[in-house]
Amino acid sequence: MILRSHLLFIILIGITLSSIQSVHADDYKPTSVDSILYFQAGIKDAEYCSMIVKDGELLTINSNTGKILSNAAMTCPDMFSWKLFAEAVQAKFWSNWADENDNWPAQPYALCQSGQAPGKDHCCQPGSTNNDLDHCPVYPGVQHAAKLKSLTDALTEEAQVQARDPALQRDTRLPFHDVLNPLGRMVKLKSMKKATDAPISSCSAVSVDGKTKDLIPDIIKKFNPSDAESTGRVIRQTNAELTIRNKVFHDYLFTNNLYNANGVIDIFKINQKNLQTEAPYHLANHSSQGGKPGALSRIDLPPDAIMIKSNWLHHDLAVALGLPEDPKQYISKLLQTQIDLQALGISKSSLTCNLEGIHHLVAFHISSKDIPNWVWTTFEHISLPGRCDITGCNDAYGYASSDKNRPAGTADNYTKPNQHSDQLNSPSIVFNSDKSYPLEKIRPEWDKLLIQLNIGDGSSTSQIEPDPEDIAWRNFRLKGSQVEFVNSMGQSTLLGNSVTEAGFMDGSSCISCHARAGAALNGDGSANFLALSVFERNLTDFGYARSHHGIPNPFWFYNDNNSRPNLMVMQTDFIWGFLNASPIVTSKP
């Protein structure tokens, strides 16, 4: 089902073959590239996977018996991916769900104890309307429900004003550096800034040498170098990345004191003591329920917790890259992209500005705790060149491949990567990267369900705030799904997005990457959330750091000292977001 990264390397350097030619399906002859891709192109859904809408809810059923499937996430991962897609769109994840600044305040107050109240004791109480919004977790879909409804209903000019309300602005950022250090989050709460801190300038009005300049034309000119690895890499390094989590996820963090670094350290210490003094018996793990405090011995999110990492590209940058200019092709929202002017060679000194305006959703990951190791799935916009590069696109449920060369009788789940001859004296067939792909066709069942759910069957009323009914939701395609580290033959599973993982797609594995998310203790007792990195100490063919794939190594987490193991890194349930967790602060009344 899956090919290994060293096999991908072989493909990239070429396999000696005669030049590629167009063939009819009846005369189809697989290349050696195709023979290796055979293991990536496996059909992931069982033949009886089906869904229906009942009382407005998507239900997964066995099409042969009509019975509810007991574990659709494992049996039908592609179908389940589209279920997650539909439910997240219905929930308006882009505005209602909590971003990382909402989950993990930069200066968190402690969780309120018995007898304490947020207003007088400067603590955080789940469910209270008196929490300090600068220092306690916030769920926008509840806290700002009235403002979000008004924004959704507003006309364009009024919506432009409302979208700039600090309460509604999202915490977007550039992607992590290779060592996974966040690039300085945009702090939107003025009370959390020092008086001497100046707000980040708009790119249309940057102060340079005492003069105010519009640097947007320079940014458009320089952000897309001619020798970039791929269009996806350009987008990855110049987009507004928004990571959000649903209410179940948010509430688990809040009620179990995991919105701050101190709470995570406490669980690490409990886990370590349990291992040293009570082995082989594990402590019971009780999360907070019904207002009663939890007693966690490990971090274990509820089964309906969901997180989404989304990539939004400024309209002018999209057009400059050759993507469609028509905004109706996209799901759009008013956002900001951080621009490093020094990195682009526009400024000689360290200088950053915000490129504000209409941004288009071009790619997004969805991760769901429906199984212990999570369901991993990723979607891309049809206009992205190279969207099926390296691993191909694999979808057994929503949209069928339009490959005209596919032999009769073969499944229509797989769109293979573009290939061509390298045209050398001893020619090889190699990947033909960063090109467009034929548009997959929607399957009848999924088309019917979208209409019933009122998703993608109309037009948007605003470019400022997306609508579930916007027909542009039909412009996304499933790149693939992932529910295990290796398949039944022991081959490493791969999954990556041509934007989010651009530059290291040839070894990307969502599940393996997130398995390395953990917490450790520094020498001073503080939390270290980077004891393990996403990236290994080796490189892709383009010189970018390569991410991990395959089965985790137990010795990343425990040190065997020949007497009993010692906890080195505690897994944080596949959640890299804890990088944003800060130590508790005390306030001055």
Side-chain angles (χ1 to χ4, degrees), residues 1-3 25-26 28 30 34-54 57-87 366 368 370-379 388 391-417 437-453 455 474 476-495 510-511:
M1 180 166 72
I2 304 299
L3 65 166
D26 293 340
Y28 181 80
D34 297 328
S35 296
I36 296 175
L37 290 172
Y38 178 84
F39 301 101
Q40 178 72 17
I43 305 168
K44 297 181 181 178
D45 284 9
E47 62 178 293
Y48 48 78
C49 296
S50 184
M51 288 194 290
I52 60 173
V53 175
K54 184 176 182 179
E57 181 181 357
L58 268 176
L59 300 179
T60 60
I61 64 168
N62 183 324
S63 60
N64 294 335
T65 65
K67 294 182 178 180
I68 298 294
L69 292 172
S70 60
N71 194 343
M74 292 297 293
T75 307
C76 316
D78 289 352
M79 182 183 76
F80 196 80
S81 296
W82 284 110
K83 182 177 187 290
L84 293 173
F85 173 98
E87 291 171 346
I366 304 180
S368 167
D370 284 275
I371 57 177
N373 291 340
W374 298 71
V375 176
W376 308 91
T377 183
T378 192
F379 300 87
C388 297
T391 59
C393 293
N394 201 341
D395 181 4
Y397 183 78
Y399 291 81
S401 169
S402 296
D403 187 351
K404 296 180 180 179
N405 290 327
R406 182 170 55 83
T410 58
D412 58 4
N413 63 298
Y414 190 67
T415 300
K416 69 178 183 179
Y437 283 87
L439 192 63
E440 299 92 333
K441 298 178 182 178
I442 193 167
R443 293 189 175 92
E445 179 173 292
W446 183 235
D447 185 30
K448 177 182 177 181
L449 293 174
L450 286 177
I451 294 172
Q452 291 177 305
L453 295 169
I455 295 175
R474 289 175 177 252
F476 289 96
R477 297 294 183 268
L478 178 68
K479 179 71 174 282
S481 59
Q482 187 179 38
V483 292
E484 52 195 355
F485 293 101
V486 298
N487 65 10
S488 60
M489 294 181 290
Q491 295 170 313
S492 296
T493 64
L494 299 180
L495 182 64
C510 297
I511 190 172

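Using a 4.5 Å heavy-atom threshold, the side chains of T60 and M51 count as touching. The shortest distance between side-chain heavy atoms of K44 and Y397 does not fall below 4.5 Å. With a 4.5 Å cut-off on side-chain heavy atoms, T391 and K479 count as touching. Put simply, the side chain of K54 does not reach to within 4.5 Å of the side chain of I61, judged on heavy atoms. In this structure, N71 and I371 have side chains that are in contact, with non-hydrogen atoms separated by less than 4.5 Å. By the 4.5 Å heavy-atom criterion applied to side chains, P417 and Y437 are counted as neighbours. Between Y28 and P30 there is a side-chain heavy-atom pair separated by less than 4.5 Å.
For the pair T415 (side chain) and S401 (backbone), a donor-acceptor distance under 3.5 Å is absent. Of the possible polar contacts, one joining the T493 side chain to the E484 backbone as a donor-acceptor pair under 3.5 Å is found. No donor-acceptor distance shorter than 3.5 angstrom exists from the side chain of Q40 to the backbone of G392, with no hydrogens or angles considered. Of the possible donor and acceptor atoms, one in the side chain of D78 sits under 3.5 Å from a partner among the backbone N and O of A396.
Here the straight-line distance linking atom OG1 of T377 with atom CZ of F85 works out to 10.0 Å at 0.5 Å rounding. Note: I366 CD1 to E87 CD = 9.5 Å, rounded to the nearest 0.5 Å. To the nearest 0.5 Å, atoms OG1 (T410) and CG (D403) are separated by 8.0 Å. Rounded to the nearest 0.5 angstrom, E57 CD and I52 CD1 are separated by 10.0 Å. For the atom pair OG1 (T65) and OH (Y48), the distance works out to 9.5 Å, reported to the nearest 0.5 Å. Within the model, atoms CG of L58 and CG of L449 stand 6.0 Å from one another, a figure rounded to the nearest 0.5 Å.
W82 has its ring centre less than 6.0 Å from the ring centre of F379.
Of all heavy-atom pairs spanning N413 and G42, the tightest one is ND2-O, 3.7 Å. The shortest non-hydrogen separation linking L495 to W376 is CD2-O, 3.6 Å. S402 approaches L439 most closely through the heavy-atom pair OG-O, 2.5 Å. Closest heavy-atom contact between L453 and A86: CD1-CB, 4.0 Å. The nearest pair of heavy atoms linking T75 to C49 is O-SG, 3.8 Å. Residues V483 and A73 share a closest heavy-atom pair of CG1-O, 3.6 Å.
When the salt bridge (Lys or Arg N to Asp or Glu O under 4.0 Å) test is applied to D45, no partner is found at least two apart in sequence or on another chain. Scored by the side chain to side chain donor-acceptor pair (under 3.5 Å) test, N62 finds no partners at all (sequence neighbours excluded).
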Full working for side-chain contact (heavy atoms from CB on, under 4.5 Å) between Q482 and T378: CA-CA 9 Å; Q482 187 179 38; T378 192; over 6 Å; no
D412 and R443: CA distance, side-chain angles, deciding distance, side-chain contact (heavy atoms from CB on, under 4.5 Å) verdict: CA-CA 10 Å; D412 58 4; R443 293 189 175 92; 2.8 Å; yes
K416 vs N405, side-chain contact (heavy atoms from CB on, under 4.5 Å): CA-CA, chis, key distance, verdict: CA-CA 11 Å; K416 69 178 183 179; N405 290 327; over 6 Å; no
Working for side-chain contact (heavy atoms from CB on, under 4.5 Å), residues R474 and Y399: CA-CA 10 Å; R474 289 175 177 252; Y399 291 81; 3.9 Å; yes
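Salt bridge absent: R477 and D395 never bring a charged side-chain N and a carboxylate O closer than 4.0 Å.
Surrounding CD of Q452 are more than 12 heavy atoms belonging to other residues, nucleotides or ligands, all under 6.0 Å away.
No side-chain N or O of S63 forms a donor-acceptor pair with one of S50 less than 3.5 Å apart.
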